[in-house]
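Below: one structure, written as C-alpha cells.
The structure presented is a predicted model; accordingly, all values stated were derived computationally and were not measured. All ligand and atom numbering here is 1-based and tracks the order in the structure. Sequential numbering from 1 along the given sequence is applied to the chain's residues.
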Amino acid sequence: MSEGGRRVAAPRGTRDVLPPESALRQRVIDVARDAFERYGYSRVVTPTFEETEVFVRGVGTSTDVVRKEMYTFPDQSGRSLSLRPEGTAPVVRAFVQHGMHKLPLPVKLWYVAPMFRYEAPQAGRYREHWQVGAEAIGSDDPLLDAEVIALLAGIYRRLEVPGVRLRLGSMGDPKSRGPYRAKLVEYLEGRLPALGEDARERMRVNPLRLFDTKDPRVAEVMAEAPKLIDHLSPAAQEHRERVNDALGRLGIAFDEDPTLVRGFDYYTMTVFEFTSDHLGAQSAVGGGGRYDGLVEGLGGPPTPGVGFGAGIERIVLALESQGAVVAPAIDCYLAVMEPGLRPELLPLLEALRAAGLRCESDLRGRSLKSMMRHAASLGARHVLIVGAREHEEGVATVRDMESGEQRSLPLGDLVTELSVHAGEAGA
Ligand code: HAM
C-alpha cells in the first residue's frame, strides 16, 4: 500500500458523472432507446476493445483517429488491441463474424457505449466519451438514409436539445471520388506556398480533410477549391436528390454543405452532422452517414449500410445550458419517530418497495423536523409518519407533500393507496 494521503483524480480527459447530471444522462439514453425500438432497432453490445486491425481496416489509415488518437496496446501474448474509438467498425465486424447478412435485411442495431480517443481535452471533448448510435446494414435505399436522419432528429426534438441544425453532404461513391481527388490535388499543388507543412502533409494523406481546417489561410484556399458535390457520379447525384426529397417530405430542415467532410474513410454517399449552437467549438451533437464498402472491407459480402453516433456528454451540455435538470422524485418517505420502532417497520418499507414504489427512510437518526427536510430534498410525494401512538393503532399519518394535507391510514392499506397515487403521477 502507498503511504496514503495523496488524492488521486480521474485521468486527464475523463470525467465522473454524478447526480443530478447522471439522471439527465439517463433520460438521454431512455429517450434514444425508446426511439430505436420504435424504428425497429435491436440492441448490440460489442467488446470495449478489438483487434487493432478492425479499426485500421474499418476506419482507415488516413484518419486522425487511427493515426494519432487510438489507445493501442499489446496484450500479454503480444496481440495488438485497441480501445474502441468509434462504434461502427466493431458493429460491422460483429455483423460479418456472425453471418448476419443471412438475416432479413436491413439488420438494424443500436448501441450505447464508451468511446476512447487520445484527443486534446477541452469543453465537450473528452478522451472517453459515450455515444448512442444506430447502424442499419443491408439496404442502399435513400429512404433508409432519410429514416436514420429522422430517427436522430426525433431524439433531439423529444429531448428539446436547443439550437439544433442539420448539415448534409455527400462523399460520392469511390468511382467518382478518385478523379475528383486528382482534381483537388492539382488545384492544391498550384497553391502550395499558402499551405503550411501540416496542410501539405494532410494533402498527401487525404486532401479532402483540408475542408475541415481551422487555419484561416488554408480555409481561404479551400473556399475556392473544387467541391466533390459538383463532381458526383450520376448514381451518387440521384441518391443525394432522393435523400433530399425524402427529408423535405418529412419536414426536416437541413443545409447542404459541400465542405462537410467526416473523419472516417468508410463513408460513401450521404454524410451528415447535427450541431447545437448552444455549445462552443465542439458543437457536433451527432453525425453519421452511409458506408457502402465497409462490410466488404471487413471480410463480408458486399453489403451497404448507414448509421450515426451521437455524443451523450454534448447533448447533456446543450440541455444544461438551458437549465435542464431531472428533479429527484420518490413516492414516499417513511419517517419513524421512535428509533426503537425502526426494525419493526423494516418489512413495511420492503413491502412498499416490492410493490414498485420508490421509498426512502432515515438512516442517520434524524429528528422529525430534519426527516421532513430530508424527504423534501428527495422529492417525496408522501411522508408516512409513524410514532408510538400510530404504531399502537396500526396506522400511519400520511402527509401529502404538495398540498400539506394529512390523514391517517391503516398500515395494511398503504401499499394499495400509495400505488394508486404513484400510478396517477406516472400517467
Ligand atoms: P463521430 O462524429 O466521430 O462519428 O462521433 C459521433 C459523435 O460523438 C459526435 O458528433 C460527438 O457528438 C461525439 N464525440 C465524438 N468525439 C468526442 C469526444 N472526443 N468527446 C465528446 N464527444 C465526442 C462516429 O463515431 C461514427 N461512428 C458515427 C457513425 C455511425 N457513422 C456511421 N455510423
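Looking at atom 32 (C) of ligand 1, its nearest protein heavy atom turns out to be G307 O, 3.3 Å. With hydrogens left out, the protein atom closest to atom 25 (O) of ligand 1 is R117 NH2, 3.1 Å, a heavy atom. Looking from atom 31 (N) of ligand 1 to the surrounding protein, the closest heavy atom is Y267 OH, 2.6 Å. For atom 27 (N) of ligand 1, the closest non-hydrogen atom of the protein is E86 OE1, 2.6 Å. Nearest protein neighbour of atom 15 (C) of ligand 1, counting heavy atoms only, is H129 NE2, 3.4 Å. If you check which protein heavy atom lies closest to atom 19 (N) of ligand 1, you get E119 OE2, 2.6 Å. Counting protein heavy atoms only, atom 1 (P) of ligand 1 is closest to R262 NH2, 3.6 Å. The protein heavy atom nearest to atom 30 (C) of ligand 1 is T88 OG1, 2.9 Å.
Where the criterion is an N or O separation shorter than 3.5 Å, residue side chain and backbone included, Y111 fails it with respect to ligand 1. For A284, a nitrogen or oxygen atom sits less than 3.5 Å from a nitrogen or oxygen atom of ligand 1, counting backbone and side chain alike. Checked by distance only, ligand 1 and F264 stay at 3.5 Å or farther apart across all their nitrogen or oxygen atoms. For the pair E135 and ligand 1, the shortest N or O to N or O distance falls below 3.5 Å. The distance criterion of under 3.5 Å between nitrogen or oxygen atoms is met by Q131 with respect to ligand 1.
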For this session: Apply salt bridge (charged side-chain N to carboxylate O under 4.0 Å, His left out) to the pair K175 and D173, showing each step before the final yes or no.
Result: CA-CA 5 Å; K175 263 186 277 151; D173 46 45; 5.3 Å; no
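Atoms of ligand 1 found under 4.0 Å from any heavy atom of G286, numbered from 1 in the order shown, are 10 (O), 12 (O). Contact atoms of ligand 1 toward F308: 28 (C), 29 (C), 30 (C), 32 (C), 33 (N) (distance under 4.0 Å to a heavy atom of the residue).
Pairing each heavy atom of M171 with each of L260, the nearest pair is SD-O, 4.3 Å.
Using a cutoff of 4.0 Å between basic side-chain nitrogens and carboxylate oxygens, E186 and K183 are not scored as salt-bridged. A salt bridge links R202 with D64: the closest approach of a Lys/Arg side-chain nitrogen to an acidic carboxylate oxygen falls below 4.0 angstrom.
The proximity of V285 to ligand 1, defined as any non-hydrogen pair under 4.0 Å, is limited to the backbone. Only the side chain of Y266 comes within contact range of ligand 1, with a heavy atom under 4.0 Å; no backbone atom does.
Although no hydrogens or angles enter the test, the distance criterion places a donor-acceptor pair under 3.5 Å between the side chain of Y187 and the main chain of V221. E86 contributes a side-chain N or O that, together with a main-chain N or O of A89, makes up a donor-acceptor pair within less than 3.5 Å.
Every residue two or more places apart in sequence or in another chain that forms a ring-ring contact (aromatic ring centres under 6.0 Å, His included) with Y156 is listed here: F274.
Taking the ring axis of F116 as reference, the NZ or CZ atom of R84 does not stay both within 45° of it and closer than 6.0 Å to the ring centre. Judged by a 6.0 Å distance limit and a 45° cone about the ring axis, R57 is not positioned over the six-membered ring of F55.
Taking the six-membered ring where the residue is Trp, H231 and Y180 present tilted rings, their angle falling between 30° and 60°. In this structure, F73 and F49 have perpendicular ring planes: the angle between them is above 60°, well past the 30° mark.
Distances from atom 21 (C) of ligand 1 to the heavy atoms of S276, G311, G124 show the closest one on G124.
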